[in-house]
Amino acid sequence: MLAQLIAETRPVPQPAIAYLDFGGVDIATGSFLREAVLGFRDFSRNAIGTLYPVVANANATIEEELTVYLKDRNDAIWACVLDNEGEPTDAHILGELDAAQMNTLHLIAQHRPISAPELAKLRPEEGIGTTAWNNRLATLASKGILMELKTGKTKMFSPVMEAI
């Protein structure tokens, strides 16, 4: 499946969401989810850079299987339900983000798009410098939780999905 996904994927000039639609799928093994879903997420984030996979329409069993695997790795991925028009609803995160990552995500959701230097200025009382903010943002972007938007030399970040 990963090979098929990669073969069908074309670079996109602007950041875009790729919904991995599990509608009609009753069960998926942990190894399938690891190789296909997370493999494609990693490929998208590393090779394409502007593509953000989101698990869509997965049933509770599939979400639970993926959540268990992700929590063991301290990893996460977005999930949602696509309505009849293909619009995302019920956006949520599967897996686990540590407290600092979750706080960062909430902060960015309130002030999106935002850069690491802007976060450092916004929260000086936390004593976190630009480099540390940049590391947090890069980690969340590599997981596909944050979308990276380049404006000249500046990297701006927003949540991939609207709800947390």
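The shortest heavy-atom contact between Gly39 and Leu2 is C-CD1, 3.6 Å. The two residues Gly95 and Lys71 have their closest heavy-atom pair at O-CE, 3.7 Å. Shown here for Ala120 and Gly129, the closest heavy-atom pair between the two residues is CB-C, 4.3 Å. When all heavy atoms are compared, the tightest approach of Ala141 to Tyr52 is O-CE2, 4.5 Å. Heavy atoms only, all atoms of each residue included: Leu51 and Pro53 are closest at O-CD, 3.5 Å. Minimum interatomic distance between Asn134 and Ala116 (heavy atoms only, all atoms of both residues): N-CB, 3.7 Å.
Grouping the Ile, Leu, Val, Met, Phe, Trp and Tyr side chains by contacts below 4.5 angstrom, directly or via other members, places Leu107 with Trp78. Linking ILVMFWY residues whenever their side-chain heavy atoms come closer than 4.5 Å, directly or via other members, places Phe43 and Leu66 in the same cluster. Cluster membership check: Ile93 shares its hydrophobic cluster with Met161, using side-chain heavy-atom separations under 4.5 Å among Ile, Leu, Val, Met, Phe, Trp and Tyr. In this structure, Tyr69 is a member of the same hydrophobic cluster as Met1, with clusters built from ILVMFWY side-chain heavy atoms closer than 4.5 Å. Residues Leu105 and Met156 share a single hydrophobic cluster, defined by chaining ILVMFWY side chains whose heavy atoms lie under 4.5 Å apart.
Between Asp72 and Arg34, none of the side-chain N atoms (NZ, or NE/NH1/NH2) sits under 4.0 Å from a carboxylate O, so this pair counts as no salt bridge.
For Gln110, the CD atom sits in a packed shell: over 12 heavy atoms of surrounding residues, nucleotides or ligands are nearer than 6.0 Å. Within 6.0 Å of CD in Glu125 there are more than 12 heavy atoms belonging to other residues, nucleotides or ligands.
Counting only distance, with no hydrogens or angles, the side chain of Arg45 and the backbone of Asp42 share no donor-acceptor pair below 3.5 Å. Put simply, the side chain of Asn57 gets close to the backbone of Leu82: a donor and an acceptor are under 3.5 Å apart. Looking only at distances, a side-chain donor or acceptor of Arg41 sits under 3.5 Å from a matching main-chain atom of Lys143. Of the possible donor and acceptor atoms, one in the side chain of Thr50 sits under 3.5 Å from a partner among the backbone N and O of Val12.
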message: Please evaluate residues Ile17 and Met147 with respect to the criterion side chain to side chain contact (heavy atoms under 4.5 Å, CB included), reporting the C-alpha separation (whole Å), side-chain torsions for both, the decisive distance (0.1 Å), and the verdict.
response: CA-CA 9 Å; Ile17 296 173; Met147 191 173 284; 4.2 Å; yes

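For the pair Phe40/Thr9, a side-chain contact is recorded, criterion being any heavy-atom separation below 4.5 Å from C-beta on.
When Leu137, Ile108, Leu146 are each tested for a side chain to side chain contact (heavy atoms under 4.5 Å, CB included) with Ile114, only one passes: Ile108.
Separation of atoms CG (Leu149) and NZ (Lys155) is listed at 11.5 Å; rounding is to 0.5 Å.
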